[in-house]
Amino acid sequence: MLQTVPLRAQRDYRLLLSSRAVSEIGTEISRLAVPLTAAALLGASPVQMGLLTAASSLPSLIFGLQAGVLADRLRRHRPVMVACEAASAMAMATIPLAWFAGLLTVPWLIVTAFVVGTGTTLFRAVNFPHLAVVVDERQRTEALAGLHSVFSLASVCGPGLAGLLVQLFTAPFAIVADALSFLASAFLVRSIRAPENHTPAPPRGLWTEVGEGLRAVVGNPVLRTLCGCGVVINFFGAAFTAVFVIYALTELHLPAGLIGLLTACFGVGGLVGTALTPRLTARYGEHRVIACAVVVFPVDYVITATASGPVWAAFPALAVGGLVSGVAVIAFSICFSAVVLRETPAHLRGRVNATNTFAVQGVLALGGLAGGLLGQVLGLRPVLWIGAAGVALTIVWIRLSPIGRSSAPRAR
C-alpha cells in the first residue's frame, strides 16, 4: 500500500521532487541573471527595475483566484502543469535569442517575467491538489517537508551557480539554464504515473466559485487564522527585506559577499527545518509546531535591529538569526500547507490554496512599499523594530485561536 512505502521509495514522489529541484535551481539562476541583463547590459532605469521586479509577482494578484477555480474544475492536473513549464521554458529561451539578434529590450524582459509569473501562478494552483494524488494523506507532512527542502537547497546552491554561469557565459546566455530546467521539470512531471481521480467541481460561474473559496477560508477558524497570520508575517517580512540590504551596507558596513552568505544561512536553516519538522509533527502535531514557530519569528528582527560593532561581531549574530529564522519559517510553511490540505474539502483545495496565495503573496508588494517609505521617514533601524513588533502579533493570534488551544492530529 502507498502509505506503507517510504517516500524515498515512491517513484512518482521522486519525480515530483526532482522536477521542483531542477526548476527552483533554474529560477535562482534567472533571479540573478535577468536583473543583471537589465541593469548592466540594457541600462535599465530604477523605474524599469521596479517594474521588472513586480512583473513576476503581479500574476498572483491578477490571476491567482481564477487559477484556483480552474484547478478545482479540472479532472486532471498534470497536463496543465506540463504546459505551464513548457510555456515558461519557451519564454525564457527568447531572452538569449533576442540578445543574440540584437532585439532584446527592458520591456521584453518585463513581458517575459510576466509570462513566466503567470505560468508559475497556474502551476502552483494545480500542483497543490495534485499532491494529494501522488502522496497518501498520512505522508503529506513529510512530503511537503521534502518539497520545501529543495527550495532551501536552491537558495543555498543557486546563487553560487548563477554567479559562475554569468561569469562564464554572460547574463543573457546563463538564462538558457533556466529554460532547460523548465523543460526538464515538464518531462519529469509528465513521467508521473499516479492515476488522477479528482472529481471536478461543477462550474457555477467564475466569481461564485471564487466566493466559495474565500468563504471556505474565512468561515473556517483554523484556515482563517493561518491565512491572517501568513499575511501579517509576509507584510512585515517584506518591510524588513526592503531595508535590510541598505541597513547592512550603511549601518553595519557589511561587504556584499557577507550579505550573500546571510542568505545562504537562511537556506541552511531551511534545510534543517525540513529535516526536523516531520519528526516534530509526528511527536507533537502540526498545531504545536506552528505555535512554537511564531514565537521564534521575531528573533531575527531583534538580532538585526540590535546588531552593532565591528563586522566580525555583527556578522555571526546575523548568521545565527538567519539560521534560526530559516528553521522557523520552513517549519511554519510545511505545517501551514499540511493543515490546509487536511482542513479543506477535496473539491475546494484549489480555490482555498489560491485564496491563501492571493492574500499571503499579494501582500508582499504592500509590505515592501511600506518598509521603503517608513525607512525614508523614520530611519532604517526603526523599521526593523516595527517588523519585530508586527510579527510578534501572530504569537497572540495563534495562542487565542483553535490552533493554540488544541493539538492537531499527529503525523504517522
Can you tell me which residue among F244, F236, Y247, F240 is in a ring pair (Phe, Tyr, Trp, His ring centres under 6.0 Å) with Y301?
F240

Heavy-atom side-chain contact between L380 and E251 under 4.5 Å:
yes

Are F332 and F297 close enough that their ring centers fall under 6.0 Å?
yes

Is a donor on one side and an acceptor on the other found under 3.5 Å between the side chain of T274 and the backbone of L271?
yes

Tell me if the CZ atom of F63 is crowded by more than 12 foreign heavy atoms within 6.0 Å.
yes

Will you find, in the side chains of T94 and W108, an N or O donor that is under 3.5 Å from an N or O acceptor?
yes

Counting only heavy atoms not in R124, do more than 12 fall under 6.0 Å of its CZ?
no

Take atom CZ of R381 as the centre, draw a 6.0 Å sphere, and report whether it contains more than 12 heavy atoms from other residues, nucleotides or ligands.
yes

Does the side chain of V232 come within less than 4.5 Å of V391's, by heavy atoms?
no

So does L16 get a backbone contact from the side chain of S19, meaning a donor-acceptor N/O pair under 3.5 Å?
yes

Could you tell me which non-hydrogen atom of G270 sits nearest to which non-hydrogen atom of I330, and how far apart they are?
CA-CG1, 3.4 Å

If you measure from CZ on R215 to CG on L348, what distance do you get to the nearest 0.5 Å?
10.0 Å

S191 side, atom OG; R14 side, atom CZ - distance, nearest 0.5 Å:
12.0 Å

Under 4.5 Å between any side-chain heavy atoms of R78 and H130, yes or no?
yes

So, N234 side chain and V360 main chain: donor-acceptor pair closer than 3.5 Å or not?
yes

Spacing of CG belonging to L70 relative to CG belonging to L65, to within rounding of 0.5 Å
13.0 Å

Nearest-0.5 Å distance that lies between atom CZ in F128 and atom CZ in F123
14.0 Å

Got S23 and D178 here, is their nearest side-chain heavy-atom distance under 4.5 Å?
no

Rounding to 0.5 Å, atoms OG1 (T120) and CG (N127) come to a distance of 11.5 Å

Please check if the side chain of E343 supplies one atom and the backbone of V222 the other of a donor-acceptor pair under 3.5 Å.
no

Heavy-atom donor-acceptor pair, H347 side chain to D72 backbone, under 3.5 Å:
no

I'd like to know if the side chain of S401 and the backbone of I398 have a donor-acceptor N/O pair within less than 3.5 Å.
yes

Considering only heavy atoms from C-beta outward, does the side chain of I386 approach that of L378 to under 4.5 Å?
yes

Do side-chain atoms of S325 reach the backbone of G321 as a donor and acceptor pair under 3.5 angstrom?
no

CZ of R279: more than 12 outside heavy atoms within 6.0 angstrom?
no

Beyond-backbone contact of L262 with L254, side-chain heavy atoms, under 4.5 angstrom
yes

Would you give the length of the straight line joining atom CZ of R73 to atom CD of E209, rounded to the nearest 0.5 angstrom?
4.0 Å

Is it true that E212 and R351 have a side-chain N and a carboxylate O under 4.0 angstrom from each other?
yes

Any chance CZ of F173 has more than 12 other-residue heavy atoms, nucleotides or ligands included, within less than 6.0 Å?
yes

Does the side chain of T281 pick up a donor-acceptor pair with the side chain of E286 at under 3.5 Å?
no

Measuring only between side-chain heavy atoms, which start at C-beta, is L252 closer than 4.5 Å to L318?
yes

Side chain proximity check, P6 to E142, heavy atoms < 4.5 angstrom
no

Derivation and outcome, side chain to side chain contact (heavy atoms under 4.5 Å, CB included), residues N356 and F336
CA-CA 10 Å; N356 285 327; F336 183 112; 4.0 Å; yes

Given 3.5 Å as the limit, does a donor-acceptor pair link the side chain of T344 with the main chain of L341, or not?
no

State whether the side chain of T225 and the backbone N or O of P221 hold a donor-acceptor pair below 3.5 Å, judged by distance alone.
yes

After noting the C-alpha distance and the side-chain angles of W99 and L42, does the key distance pass the side chain to side chain contact (heavy atoms under 4.5 Å, CB included) rule?
CA-CA 10 Å; W99 173 255; L42 299 177; 4.0 Å; yes

